[in-house]
Amino acid sequence: MNEIYLDHAATTPMDVEVINTVNKYMEDYYGNPSSIYKTGQIANNKLNEARKTIAELINANDFREIIFTSGGTESDNLAIKGAALALKDQGNHIITTKIEHHAVLHTCEYLEKHHDYEVTYLDVDEKGFVKIADIKEALREDTVLVSIITANNEIGTIQPIKEIGTFLKNKDVYFHTDAVQAIGQIKLNVQEINIDLLSASAHKIHGPKGVGMLYIKKGTKLVPQLNGGAQERNRRAGTENLPGIMGFKKAVELVMENRQKYVEKNSYLRDKLINGIEKSIDDAVLNGPRGSKRLSNNVNFCFKYIEGESILLNLDMLGIAASSGSACTSGSLDPSHVLLAIGHSKGTAHGSLRLSLGKDNTEQEIDFVLEKLPGIIQRIRDMSPLYIKEKERS
Amino acid sequence: MNEIYLDHAATTPMDVEVINTVNKYMEDYYGNPSSIYKTGQIANNKLNEARKTIAELINANDFREIIFTSGGTESDNLAIKGAALALKDQGNHIITTKIEHHAVLHTCEYLEKHHDYEVTYLDVDEKGFVKIADIKEALREDTVLVSIITANNEIGTIQPIKEIGTFLKNKDVYFHTDAVQAIGQIKLNVQEINIDLLSASAHKIHGPKGVGMLYIKKGTKLVPQLNGGAQERNRRAGTENLPGIMGFKKAVELVMENRQKYVEKNSYLRDKLINGIEKSIDDAVLNGPRGSKRLSNNVNFCFKYIEGESILLNLDMLGIAASSGSACTSGSLDPSHVLLAIGHSKGTAHGSLRLSLGKDNTEQEIDFVLEKLPGIIQRIRDMSPLYIKEKERS
Amino acid sequence: MYSEKVMDHFQNPRNVGDLENPDTVGEVGNPSCGDIIQLFLKIDDEVITDIKFKTFGCGAAVATSSLTTELVKGKTIEEALRISKKDIAEKLGGLPPNKMHCSNLATDALKDAIDNYRGEDE
Amino acid sequence: MYSEKVMDHFQNPRNVGDLENPDTVGEVGNPSCGDIIQLFLKIDDEVITDIKFKTFGCGAAVATSSLTTELVKGKTIEEALRISKKDIAEKLGGLPPNKMHCSNLATDALKDAIDNYRGEDE
Ligand SMILES: Cc1ncc(COP(=O)(O)O)c(C=O)c1O
Ligand SMILES: Cc1ncc(COP(=O)(O)O)c(C=O)c1O
């Protein structure tokens with residue numbers, strides 16, 4: 001049975017060119033980039049080449065504005081804790097949204113708990129959009145940082161990041177965006193958008209796991225969070241993972257080369273999935289917006305009366321890998337904070353299914369999912385006490 | 001020109017078996033270990049296999065006591081910040097030594113600066129040993145953590161870690177040790193030694209860069225430092241780097257298989273280097289102890305009247321890769337804190353050279369170094385105003 | 001994650017559905033928690049002669065419901081009440097640590113049904 | 001890290017050593033900082049006719065010493081004093097950012113030597 005992998009928002013298979021790159025660097029470039037002998041200096045030059053490629057991806061002004069981390073989570077932690085602590089004397093208020101990734105939310109909670117910061121978690125509308133007016137209202141004298149996700153990992157909502165950046169321009173706050181889900185699909189221009197800090201992760205774009213980056217606009221103050229050696233210009237200690245970083249570089253090159261093509265292909269498959277599900281399954285609620293303000297690879301539905309994990313298990317039996325915002329997949333009791341933030345009841349939020357596309361998904365795979373999903377949903381609903389109740393009601 | 005790599009304490013070339021392992025997992029195991037579908041569950045099982053191997057290496061009681069990080073630096077940061085913050089209500093005093101790696105020292109400084117902790121930095125003797133009596137004296141009611149490096153990365157001193165652990169038993173403090181340099185060479189038994197937290201890094205034992213681990217004895221409280229997803233049982237967020245972790249596992253297997261053989265070989269080469277240098281070069285001071293209390297792969301000398309970077313550049317011209325505790329190699333003004341701690345003047349400390357052996361170094365390589373080094377030292381001394389002055393004096 | 005036995009019960013749940021005129025019904029959970037289990041029982045002279053379930057919930061919730069119905073069918077009420085959540089988890093070849101709470105639900109629902117039957121609905 | 005020109009001067013330093021009866025000597029730095037530069041000059045009618053250096057220090061310190069001696073030999077004192085650290089760094093094809101302070105040392109030592117020569121040892 002061939003796997004139909006539809007969980008690219010969680011992680012992506014590595015591109016074969018990326019694997020080959022990592023391989024080459026594992027074999028031939030073991031030098032420590034901080035050393036002055038040749039193998040070290042060569043490694044250091046390679047590191048800087050990788051910075052240049054990534055700077056190009058987001059149109060950073062200078063390759064030295066890119067530092068490498070162990071992934072999106074670390075980048076978010078460094079950006080938020082690092083910037084907040086650096087501006088401690090200026091204030092202790094942070095603005096973010098209710099639909100951030102846990103890497104942002106739990107980092108904010110850490111600052112609340114361990115450093116007495118106050119955090120405003122902005123509401124979003126029923127499609128997941130943040131309103132500029134809400135940011136405006138939340139801004140205070142002592143606000144030091146605004147952190148807003150570029151595109152949501154669960155429901156695919158792409159925020160009006162440029163408007164937000166423009167609004168924040170000349171305000172005395174740092175603007176951070178978690179672009180982990182966005183960089184593979186959206187052309188971002190940090191200078192134009194006026195971003196101070198931007199997080200990304202390699203394994204979401206067919207790169208290696210355990211590698212991320214943080215864009216730090218020149219002049220942005222940051223208290224390092226991994227303390228130790230002088231690597232990354234004293235902003236992130238630890239021996240640099242050159243093979244992984246070069247794999248990230250290669251993955252970014254492939255994004256720049258193929259982005260448009262994949263976005264077009266995936267948008268088509270995405271809409272086919274959305275339309276097909278809406279046509280064949282009752283009481284299926286699309287989460288997030290439609291069209292160009294939705295990530296080209298994201299499909300997310302709540303199927304009423306049922307619970308998400310059962311859907312996943314049934315799909316898995318057919319070789320379809322997907323994910324859910326159901327609490328039961330995470331071991332907690334609360335379902336996805338994102339689905340609650342867009343207005344779902346907990347009961348409905350438990351029944352969510354996310355299908356996230358990648359570059360290699362085919363139309364046949366989508367057709368197969370569309371063929372099987374209605375039966376699965378019906379089978380689970382037939383078992384559900386809620387489904388009956390609803391039907392009796394009507 | 002073939003490189004003679006003698007900087008294994010900085011980083012090691014990956015073993016070909018490790019490369020093959022990483023490769024295999026890059027190609028075939030892309031599943032997200034937190035997911036419930038098969039590829040995810042398989043990845044999760046593999047993660048746990050890796051934990052088991054590493055638990056075996058250090059004789060941990062349970063594989064769930066091992067969590068993965070991005071390297072030694074992160075492990076040190078997590079252990080120290082995490083434990084200190086978890087015990088905040090119990091006290092805010094930490095004991096460590098003056099010869100820790102920067103990953104420990106700068107982390108302690110972070111806690112001093114951002115969380116009002118008090119840190120006692122213990123002196124060491126002229127060979128780099130910590131005295132139990134000093135720990136005893138430093139211990140206070142409000143001490144929550146003692147962090148002492150197992151074996152020093154610069155001068156190779158192996159601490160009496162078992163005595164320290166025994167002394168700390170039943171004291172109400174956590175005991176952390178940075179075993180980054182040690183695990184490849186010394187058989188450690190965390191249960192016997194009574195260790196609560198132990199840091200290690202894969203790339204120091206011919207494993208991949210960007211992967212580390214922290215042993216967290218069952219019941220040890222820890223405030224997570226990378227906040228986000230629920231990975232690593234809520235102790236370290238971020239998508240797990242399975243290929244890297246499996247490479248770490250393989251490297252650990254190779255350590256268990258070959259440790260004794262390499263330690264014997266390297267001890268022999270180490271002593272040949274030490275004796276040869278002492279015989280052929282005047283005013284060369286060995287840093288650190290001799291014999292079994294010294295890491296089998298570590299050679300470190302101060303050559304008086306000269307500065308370390310010049311030595312490295314001259315060695316590099318001959319294809320010999322080495323390192324120095326000279327400030328000029330790090331861009332700061334102060335030379336190695338370790339060399340100062342064992343009693344050297346700044347001037348002498350600037351003239352240090354570390355040669356650190358690895359499994360593939362040969363006796364011919366060592367002979368070549370011994371043949372070339374005296375000429376290099378003499379050439380630099382002939383340029384040095386200090387050398388003349390000393391000679392005039394005598 | 002799940003044992004083969006859990007997956008077997010999840011894929012082929014025994015006794016799904018409801019009974020036309022049950023002698024008693026038990027229900028625990030609510031949609032916000034993500035789990036609801038309903039049990040429908042026929043009881044004849046203290047013996048559970050038939051039982052069906054409906055479940056809204058995860059794989060563990062479905063499997064524990066299914067196994068519970070299988071175990072208690074034909075047993076007396078007393079015997080049925082002696083089945084513990086631990087028995088259920090063990091008979092399923094274990095449950096993941098974070099799913100242990102699900103294994104309570106089916107036995108709780110059974111207790112609820114029997115309480116209702118005996119009129120002890122406190 | 002270092003440019004080819006720096007490495008050339010480091011490998012083949014010009015004018016290393018000292019002079020038997022120098023007309024003046026300049027020295028800056030100290031061992032704790034990791035850099036000392038000594039310059040020995042012969043001066044004839046305001047012209048630097050010979051110059052030698054001794055350096056304790058890193059690659060940049062040696063190379064800047066070497067280049068400085070090369071540049072000033074044959075020049076008048078006035079001309080020599082006009083050579084800035086920036087000139088030195090540029091002529092060496094640049095220095096790494098964290099080594100910029102080393103490029104001060106040689107010009108400072110030259111200034112010290114000339115100050116000493118003129119008796120302006122403040
Ligand atoms: C939006 C977003 N931010 C952050 C992360 C964390 O990235 P990583 O798992 O690479 O640490 C993810 C992915 O899990 C994500 O989707
Ligand atoms: C003793 C010691 N601790 C910590 C580290 C940091 O490890 P890493 O570079 O893997 O973060 C090193 C190596 O640099 C080390 O030698």
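The model shown is predicted, which means the values in this text are computed figures rather than measured ones. In what follows, every chain begins at residue 1, and chains take the letters A, B, ... in the order their sequences are listed.
A cation-pi contact links B/Lys81 to B/Tyr110, judged by a cut-off of 6.0 Å to the six-membered ring centre and 45° from its axis.
Of the candidates A/Leu312, A/Ile320, A/Asn314, A/Asn314 is the only one forming a side chain to side chain contact (heavy atoms under 4.5 Å, CB included) with A/Ile376.
In terms of heavy-atom pairs under 4.5 angstrom with chain B, the leader among A/Gly238, A/Gly210, A/Ala321, A/Ser323 is A/Ala321. No other option in A/Thr73, A/Asn227, A/Leu85, A/Thr69 has as many heavy-atom pairs under 4.5 Å with chain B as A/Asn227. Taking B/His101, B/Glu100, B/Lys88, B/Glu74 one by one and counting their heavy-atom pairs under 4.5 Å with chain A, the maximum is reached by B/Glu74. When each of A/Asn32, A/Thr11, A/Leu226 is scored by its heavy-atom pairs under 4.5 Å with chain B, the top score falls to A/Leu226. Interface remark: of the candidates B/Leu315, B/Val223, B/Leu313, B/Thr12, B/Val223 forms the most heavy-atom pairs closer than 4.5 Å to chain A. Heavy-atom pairs under 4.5 Å with chain A peak, among B/Ala322, B/Gly40, B/Pro243, at B/Ala322. Among A/Gly71, A/Ala237, A/Gly244, the residue making the largest number of heavy-atom pairs under 4.5 Å with chain B is A/Ala237.
Using a 4.5 Å cut-off between heavy atoms, B/Pro208 does not touch chain A at all. With a 4.5 Å cut-off on non-hydrogen atoms, B/Val211 does not touch chain A at all. Both the backbone and the side chain of B/Asn241 come within contact range of chain A, with heavy atoms under 4.5 Å apart. If you measure heavy-atom distances from A/Asn77 to chain B, the contacts under 4.5 Å come from the side chain alone. Only the side chain of B/His203 has a heavy atom closer than 4.5 Å to any heavy atom of chain A. Of the atoms belonging to B/Gln225, heavy atoms from both backbone and side chain fall under 4.5 Å from chain A.
Using a distance-only test at 3.5 Å, with no hydrogens or angles considered, no donor-acceptor pair links the side chain of B/Arg235 to the main chain of B/Ala230. Under a 3.5 Å cut-off, the side chain of A/Gln41 and the backbone N or O of A/Pro33 do not form any donor-acceptor pair.
Side-chain polar atoms of B/Ser324 and B/Glu309 form no donor-acceptor pair below 3.5 angstrom. Counted by atom type alone, A/Arg236 and B/Ser70 present one or more donor-acceptor pairs between their side chains at under 3.5 Å. In this structure, a donor-acceptor pair under 3.5 Å is present between the side chains of A/His115 and B/His115.
The stretch residues 15-23 of chain B places B/Ile19, B/Val22, B/Asn23 near chain A, each with some heavy atom under 4.5 Å from a heavy atom of that chain.
Judged as a side chain to side chain donor-acceptor pair (under 3.5 Å), and not counting sequence neighbours, the contacts of B/Ser199 are B/Asp76, B/His176. Residues satisfying the side chain to side chain donor-acceptor pair (under 3.5 Å) test with B/Tyr37, not counting sequence neighbours, are A/Asp7, B/Ser35. For A/Glu27, there are no side chain to side chain donor-acceptor pair (under 3.5 Å) partners, not counting sequence neighbours.
Classification of B/Glu3 and A/Lys38 as a salt-bridged pair fails, no side-chain N sitting under 4.0 Å from a carboxylate O.
Residues A/Lys249 and A/Lys46 form no side-chain contact, since every pair of their non-hydrogen atoms from C-beta on lies 4.5 Å or further apart.
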